[in-house]
Each structure stands twice: as C-alpha cells, then as structure tokens.
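What follows is a short report on a single structure.
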Amino acid sequence: MKQLTEITTPFSEVAANSTLPGAQLDWLQSLRQQARGQFERQGLPAKKVEDWKYTSLWQLSQESFTHDAKPSSVTKAQSANVALIEQAHRLVIVDGQFSAELSQLDNLETGLTLSPLSTSLDKAENLLNAHIDVEKPGLNALNTFLMQEGAYLHVAADSKIEKPVEILVINSGETDNLATHLRHLVQLEKNSEITLIEHYVSLQDNVGFTNVVTEVALADKAKLHHFKLQHESLKHYHIATLASKQAANSEWNTNNISLGGKLARNDIHSQLLGEESHVTLDGLYLLDGDQHVDNHTRIDHAVPHTTSEEVYKGVMDGESHAVFNGKVIVHKDAQKTDANQSNRNLLLSRTCEIDTKPEMEIYADDVKCGHGSTVGQLDETQLFFLRARGLDEVSARSLLTYAFAVEVLQRIKAEPVRQALSNVIEHRLPRGA
Amino acid sequence: MLEIKNLHASVDGKEILRGINMTVNPGEVHAIMGPNGAGKSTLSNVLAGRDGYEVTQGEVIYKGQNLLELEPEERAQRGVFLAFQYPVEIPGVSNIYLLKAALNAVRKYQGLEEVDAIDFLTLVRDRMKLVKMDEQFLHRNVNEGFSGGEKKRNEILQMAVLEPALAILDETDSGLDIDALKTVAEGVNALRAEDRSIVMITHYQRLLDHIVPDFVHVLSEGKIVKSGDKELAKELEKSGYSWIHDAPEGQTA
Ligand SMILES: Nc1ncnc2c1ncn2[C@@H]1O[C@H](COP(=O)(O)OP(=O)(O)O)[C@@H](O)[C@H]1O
Ligand SMILES: [Mg+2]
C-alpha cells in the first residue's frame, strides 16, 4: 500500500498493464497522461489555497491506500437492502467495479441509455472534462488520470423517463483502505426529463476513499432532478466534483445530502449558459463525532434571464466541522438574473464548528439577488409550543431537529424519492421519543 | 379545577403579575379582559409553564395539585391547554403529525395505547368540521403560510382533538374578521362541557357576544381590579378601560 502522495507510481504500472479502461483510445490515453502530469505538478491542495482553507487533506495523505480490490461477495439481497429506491433503473458499482449481477439494466425505458463508463468510453470524448477545470486545486486531475469506472447516462430528445435512475456505489469493506476513482457522465438531450440518484454507501465501518467526478450536460428544455446521497463509513474519505452546463430553458434540481464520511468535500459548479435556464442547488449535512464536511458551490449566471435558488442546511453535533462556501457569480451581460442563496445551521453541541461564507459577485445592474446565512440553536418558542402540547422536552427537541433538516426535502416533487430520503433522515434523526 | 392565589410573577426582575386571585370551577367559562400590557399573556404563560417567568409569591392549584412545579408538558398531559396569542409556525412538521404526537402524549400519560390510525383520522376529520377547516390543512406544515384566522382556528382544532380539562385561550379573537370570529366561537361553544373549564382572554368584548362567559374579570397592571358577570363586559364596552384606575382593588368573583 502506498500513500496518496505516492500513488501515481503504482498506477503508472496499472496504466501500462492496461487495467484502466479505454487503453485502446488514443485521445483518452493522452488525456490521462496530461492529467497525470498535472496532478504530479500540483499535488494535493494545500491549506494555503483559499478554496481549501478549512479542509486539510493531510490525514488523507497519511493513510495508505490500495487500488487492488479483492473480488467482492456482495449479494443481491445486500445490494437491494441498501438501495434507495426499489423501483429504479439501477447501475451498481462495488469497490470500483461495475457489477452486472447486482445492476437492474434490463427493460430500460425507450430513450434511456445507462451503462458502465468502462464500456461507453467511445461515446465520451466530447463529454469528458468538458464541464470541469482540471487545473483547479483539488483532485480532478487525479480523477482524470485514474478514473476506472462510473455510469454513462444518456437520455434521448423528447424522452421522459418514468422510473428514477439510481447509481449505487457500494464500498463493501472487503478490501481495507481501498481507493476508487469514479466518473459519471450525464447527458440529457432536448426536452428530455429524468430523475437521477447518486448513492454512496459502505457496508462496513472501515477506511476507504471515493474520488468521484460527475459531469452533467443539459440541452434545451431538458430537466434533471438529481439527488446525491453520501452515506459512507465514518472512516471514509469522499472527494467529489459535480459540474453541469445548462442550455436554454433547461432545469437542474439537485439536492446534495451528506450523512457519512470522516471527511467529505463537494465542489459543485453550475453553469447557466442558456436563457431561461434554472438551477435549484440544495443541500443538507447531518454531522456528528469528528465528521468534517465541506461544500463549495458555485453558480455562474452567464446570460440574461436565468434563475437560481440555493438552500443548504446543516445539523451538527459532537465535534463535527462543516464548511459552506457558496459563490454566485452574475456575469456582466446576465441582466434579469434572479438568484437566492442561503445557508442555515443548527448547532446541537458547543464543540461543533461551522465556517459559512455565502458570496455574490454581481457584474450586471438589473438583477434580483439575495443571500444570507444563519447559525443557531433550536427556537425556544417552538420548543415551548410543542411542550405545551404535551411532548416531553427530548421529543420536542428531536422533532424540531428532524423538521429543520427535512425541510430541505420539501421542494422535491418526486414523491417516492422524497419519502425515501425523509426515511433516511428520520433514521438518522428520529423525530419521536 | 383551578385556584389562583395571590399570584405574583416577574419577567427580568420586573413585576408583571401583582397578586392575582381567581377560582375556576368545572364547567365554567371565565373571561379575562384588560388593556394591552395588563399582564394577560403573562398570566397564560405562567399557567402553561413557559420559561422566563419567575413566580415570586402565591400559588396555583390545578385539580388539587401544585401546578407551578410541573413542566409544561406535564401540565398539558394533565389537561391544561393554552391557545397561543401568536400561534407558532413549525416548518417541517405537518399538522397531522403534531396532532397525533400531542394526542399520544396525553394518552400515554392516561395509560392508554397510541391512537389507532383510523380512529385518529375519524376523530380529526370530525373536529375539523367544528372549525370549518379543510382537510388539506392536515398535510401542511403547522401554521406555515396560514392566514391569521387559519392559525387561530388551528389552535382551536388542537384543543378539540386534545379535549383538555382547562383551556386558556389567549386573545383567540384578535385579528379575526367577523366570520372567522363566529367560526372560532362556534368551535369553542361546541367544546363547552360540564367537566371542562375555559379561561378566555380578550382585549375586546365582541368575543363575549358569541361565547357568553359565566364570569368576567378585569385585569389591569397585573391585578384583577373588578369581577362580575357578563354585564361587566357590556359596561366595559361603553366606558372603555379608563375607569379602572379609580375602581376599588381586590374584588374577585
Ligand atoms: N418576555 C418579556 N420580557 C420583558 N417584558 C415582558 C415580557 N413579557 C411581557 N412583558 C411585559 O409585561 C407586561 C405585560 O405583558 P403581557 O402579559 O404580554 O400583556 P397583555 O397580554 O395583557 O397585553 C408588558 O409591560 C410587557 O412589556
Ligand atoms: Mg397578550
């Protein structure tokens, strides 16, 4: 096993042995090699980099990781048990490997392509790295160099896909200290619509590392309802980039929920490039113990008449640490932008910590923009009201805590998904005594 | 049912209630009237057990027990209900969930099992008719986005479901138009019962046209300065509250 700072070495061997997919594709080989050089030059982001000020990857760099997963013995029952939605088109990745056996890819609805990235790379050239900045401090370069698997999702023009798609990423825990590098590509053609769930789970409580990049391309009038649920082990590292580009009249509703992980970092970048496009960028983090979650979001309003709404909420206990940095940039020509952003935090202990920074950079003059953040405890009046209705103090506090968190889900229109996510949250924050 | 004896209470060291005496028997409806700032809400909050009020003298006996030593939830479970002057919004908690949790809390204290889902719905639907509330309100968050009148009706709905022994209604009439006022009053009237006492706090006498009290008390500067029957309210309507400073102190019902 090697430390992360040294991992390029074993992987250059891996690459030479062509275990990484797409060895036959010249364009991909050169992309990987460029990225490798980039990662070797830049290394892990240091704390002196502004965007990484509150999140140190030092501990991650001290762990020893392997990239060789033992064949896993995850059963269908185990996989079904952790899946969020039963009735879904499901692509399952276990320990970085696509599992045909655990996936549900039969009877895909017309217009839907859902396949493992490893066998879809020939279709990926125009999508890969089209949405992210590989130069940016972070792990995008490492991901580009080492991406081993992921989901390729394509929805044809005018197709409305009924059932949600769930990308289920399982860390079986059968290989200690396993690092995986995943890349999901999501492309919606004109006037298509789908619900997508990215779901990350661990079956055991051991150290692991998920490095994932999701790229999203929405054509005119496309609608993507997107959920990310990160529920990995409390010893897990999760570093993710999620980036989208939207054409005119398109809609991206995304909800990013962090429950697990020792350290989780999400860099989310929404680019509104077509008029009348809209993004809802919501998120929730529920932290306890020594968990650390850092959400960096950025929305670019690049053209006139685009709208964004962003609500991030956090409930923190123990000695957990959350970071929220939300940037909204309204570019010079982006008149009539309507942008709203807020970050609200509920602190349940004296020892937890939040660094919150909502930011707006506005270069247009005819816009409607608002942002704010709050950090606080439960509301005394609400607490008294519930107690005056007979709920004991512990139940009243639990109910209000649950309510604070679950409010983030209330905008979700897809009922089965909202219900499933509410259940997950209730499991974590029981609302009754 | 309720006996308040020489009750003194302060907020932030400032004395607000300055010796309240009052006896409420089962089945009685008492109105407490008084100008803004008289201490009406302070009295209701002290009775319901809200934090931040310090009782410096006196006692409150409820069903033979010292009410003031109980936690707010213990009072509620024993049948004390406060309809809030400013109903509280709770985003993320649906009305139906609240009603069920509250009812089960009371039932648990009474040694009963949790309410059966179907019985509960039947009960709630029935009580919603009482306050003319549409069923969609069950699935909305508690008071969130409700109009002033809807919020007040929602308080009465909670009362109707919980069937308290002692209901304290703090300005349940304020901010209501005449139709809403009638609805609320009809709801409350339907809940009048031999074993239930109601303390109605109001600033205006018009509520008393619709819910006729057995006794009326005038509260001013933390004391009950006059008590009488419903005629007292009519007098007040004519002369306003200006005379109360001249009235002899300490009269009680
Ligand atoms: N929490 C509080 N902090 C400070 N003063 C208070 C508080 N609650 C009430 N008061 C004061 O006590 C007095 C009585 O208030 P309140 O009981 O609300 O009157 P009413 O309900 O009769 O209008 C007022 O002077 C009010 O300012
Ligand atoms: Mg008042």
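In what follows, every heavy atom counts, from backbone to side chain, and hydrogens, waters and symmetry copies are set aside. A, B, ... follow the sequence lines: proteins, then strands. Residue 1 opens every chain.
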When the 4.5 angstrom heavy-atom criterion is applied to B/Asn104 and chain A, the contacting part is neither
Nearest 0.5 Å, please: how far is CD in B/Glu71 from CZ in A/Arg387? 5.0 Å
Pairwise side-chain contact, B/Pro72 with A/Arg389, heavy-atom cut-off 4.5 Å (strictly under): no
So, for B/Val88 and A/Gln382, which heavy atoms are closest and what is the spacing to 0.1 Å? CG1-CG, 3.6 Å
Quick check on B/Glu74 against chain A: is it the side chain, the backbone, both or neither that has a heavy atom closer than 4.5 Å? neither
Under a 4.5 Å heavy-atom cutoff, which of A/Leu386, A/Leu391, A/Val406 has the most pairs with chain B? A/Leu391
A/Glu162 CD: over 12 foreign heavy atoms closer than 6.0 Å: no
Might you work through the side chain to side chain contact (heavy atoms under 4.5 Å, CB included) test for B/Tyr86 and A/Thr381, ending with a clear yes or no? CA-CA 10 Å; B/Tyr86 304 106; A/Thr381 307; over 6 Å; no
Taking atom NE2 as the centre, does A/His427 end up with more than 12 heavy-atom neighbours from other residues, nucleotides or ligands that are less than 6.0 angstrom away? no
Which bit of B/Leu162 comes within less than 4.5 Å of chain A, counting heavy atoms only: side chain, backbone, both or neither? side chain
Nearest 0.5 Å, please: how far is CD in B/Gln158 from CZ in A/Phe385? 4.0 Å
With a cut-off of 6.0 Å (strictly less than), are more than 12 heavy atoms of other residues, nucleotides or ligands near CD of B/Gln110? yes
Say whether, by atom type as modelled, one donor and one acceptor occur between the side chain of A/Glu407 and the main chain of B/Pro91 under 3.5 angstrom. no
Heavy-atom pair of closest approach, residues A/Gly390 and B/Ala76: N-CB, 3.4 Å
Once you round to the nearest 0.5 Å, how far does CG of B/Leu98 lie from CG of A/Leu399? 8.0 Å
Quick one: which residues of residues 410-417 of chain A reach chain B at under 4.5 angstrom, heavy atoms only? A/Gln410
Decide side chain to side chain contact (heavy atoms under 4.5 Å, CB included) for B/Arg50 and A/Glu380; before the verdict, give the C-alpha distance in whole Å, the side-chain angles of both, and the deciding distance to 0.1 Å. CA-CA 10 Å; B/Arg50 188 170 191 153; A/Glu380 287 300 324; over 6 Å; no
Run the numbers on B/Asp51 and A/Leu383 for side chain to side chain contact (heavy atoms under 4.5 Å, CB included), then give the verdict. CA-CA 11 Å; B/Asp51 271 353; A/Leu383 205 52; over 6 Å; no
Any chance the rings of B/Phe84 and A/Phe384 have centres within less than 6.0 Å? yes
Can you establish whether the number of heavy atoms outside A/Glu359 located under 6.0 Å from its atom CD is more than 12? yes
Check whether more than 12 heavy atoms from other residues, nucleotides or ligands sit under 6.0 Å from atom NZ of A/Lys163, and answer yes or no. yes
